[in-house]
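All remarks here apply to the structure that follows.
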There are 2 protein chains.
Amino acid sequence: MGITKTEHFTEQQNDLAILAKAIGHPARIAIIQHLIKVNSCICGDLVNELPLAQPTVSQHLKELKNAGLIKGNFEGNAICYCLNEEGFEKIKVFFESINTYLENKKDHCC
Amino acid sequence: MGITKTEHFTEQQNDLAILAKAIGHPARIAIIQHLIKVNSCICGDLVNELPLAQPTVSQHLKELKNAGLIKGNFEGNAICYCLNEEGFEKIKVFFESINTYLENKKDHCC
DNA sequence: TATTTATATTGCAATATTACGATATAAAAA
DNA sequence: TTTTTATATCGTAATATTGCAATATAAATA
């Protein structure tokens with residue numbers, strides 16, 4: 001039905017899914033990578049960096065912001081976006097637990 | 001248009017997006033967590049563990065498999081699924097670069 | 001061989017996502 | 001104050017995702 005049965009899963013599972021889903025688009029990966037590359041907030045030059053129209057970029061920024069992966073501050077007539085450490089911290093913990101498991105697991109069958 | 005402009009992004013950006021998107025659903029998070037919890041392949045008991053019908057679970061498993069996050073082997077008349085280290089390795093590298101950046105960055109503006 | 005058991009596929013309805021033109025908003029600059 | 005610049009929102013079309021009943025497949029067992 002296109003509607004995820006959110007209520008049947010734990011809050012942690014839903015939170016992680018929201019974060020991963022927000023990262024799950026090449027434009028949003030590109031935005032994150034650009035933020036890291038320029039090593040500061042991005043104020044304005046993002047539309048020129050991406051192969052997408054301005055409203056589309058704005059929409060992707062909104063989704064990253066809603067997921068808690070970036071945060072934006074007004075800076076004059078522009079808005080500056082930075083990575084939000086909180087969001088990435090949550091995912092980090094999840095992937096660390098997976099990596100710990102994968103490093104220690106013995107290959108039982110697969 | 002609902003269609004991602006895949007061709008305008010790098011292969012790495014698209015690959016990462018596919019992986020993150022596959023993780024971006026609570027049922028698929030639950031599957032991954034269950035695989036870690038039981039510390040072996042899952043052969044059959046997954047439908048009982050999830051609040052979803054069997055075809056839906058099968059579909060989620062397929063998506064995780066297509067993304068390269070799990071792998072399945074026939075085991076008699078059942079199929080056993082395990083985590084696929086390769087897929088998680090790719091994401092791990094991405095998140096490590098983000099974490100390295102976040103740990104070293106000075107808060108310029110946001 | 002017939003039945004059971006486990007999983008996959010098909011088909012479809014409901015909802016979500018993606019993209020962008022048009023337009024709105026709001027601060028800066030002329 | 002008017003214009004420019006930067007960003008957000010609205011509306012809408014195209015496509016994707018989610019979920020499941022019905023059905024198919026395929027190996028194990030009776």
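Just so it is clear, the values below take in all heavy atoms, side chains as well, and ignore hydrogens, waters and symmetry mates. Residue numbering restarts at 1 for every chain, and letters A, B, ... go by the order of the sequence lines.
The two atoms that bring N14(B) and T6(B) nearest to each other are ND2-O, 3.0 Å, heavy atoms only.
Rounding to the nearest 0.5 angstrom, the gap separating the CG atom in L83(A) from the CZ atom in F88(A) is 5.0 Å. For the atom pair CD1 (I70(A)) and CD1 (I42(A)), the distance works out to 6.5 Å, reported to the nearest 0.5 Å.
Within residues 21-33 of chain B, the residues approaching DNA chain D are K21(B), H25(B), R28(B), by heavy-atom distance under 4.0 Å. A heavy atom closer than 4.0 Å to some atom of DNA chain D occurs in L52(B), A53(B), P55(B), T56(B), Q59(B), H60(B), E63(B), these being the qualifying members of residues 45-65 of chain B.
H25(B) and F9(A) have perpendicular rings, their planes meeting at more than 60° on a 0 to 90° scale where under 30° would count as parallel.
Between Y81(B) and dA6(C) there is no side-chain N or O to OP1 or OP2 distance below 4.0 Å.
Dense packing is recorded around CD of E7(B), with more than 12 heavy atoms of other residues, nucleotides or ligands lying under 6.0 Å away.
Taken together through direct or relayed side-chain contacts under 4.5 Å among Ile, Leu, Val, Met, Phe, Trp and Tyr, V93(B) and I18(B) form parts of separate hydrophobic clusters.
Under the 4.5 Å side-chain criterion, counting only non-hydrogen atoms from C-beta, H60(B) is in contact with L52(B).
Between the side chain of S58(A) and the backbone N or O of Q54(A), no donor-acceptor pair lies under 3.5 Å.
In this structure, I79(A) and F9(A) both approach DNA chain D, and ranking their closest nucleotides by distance from the 5' end singles out I79(A).
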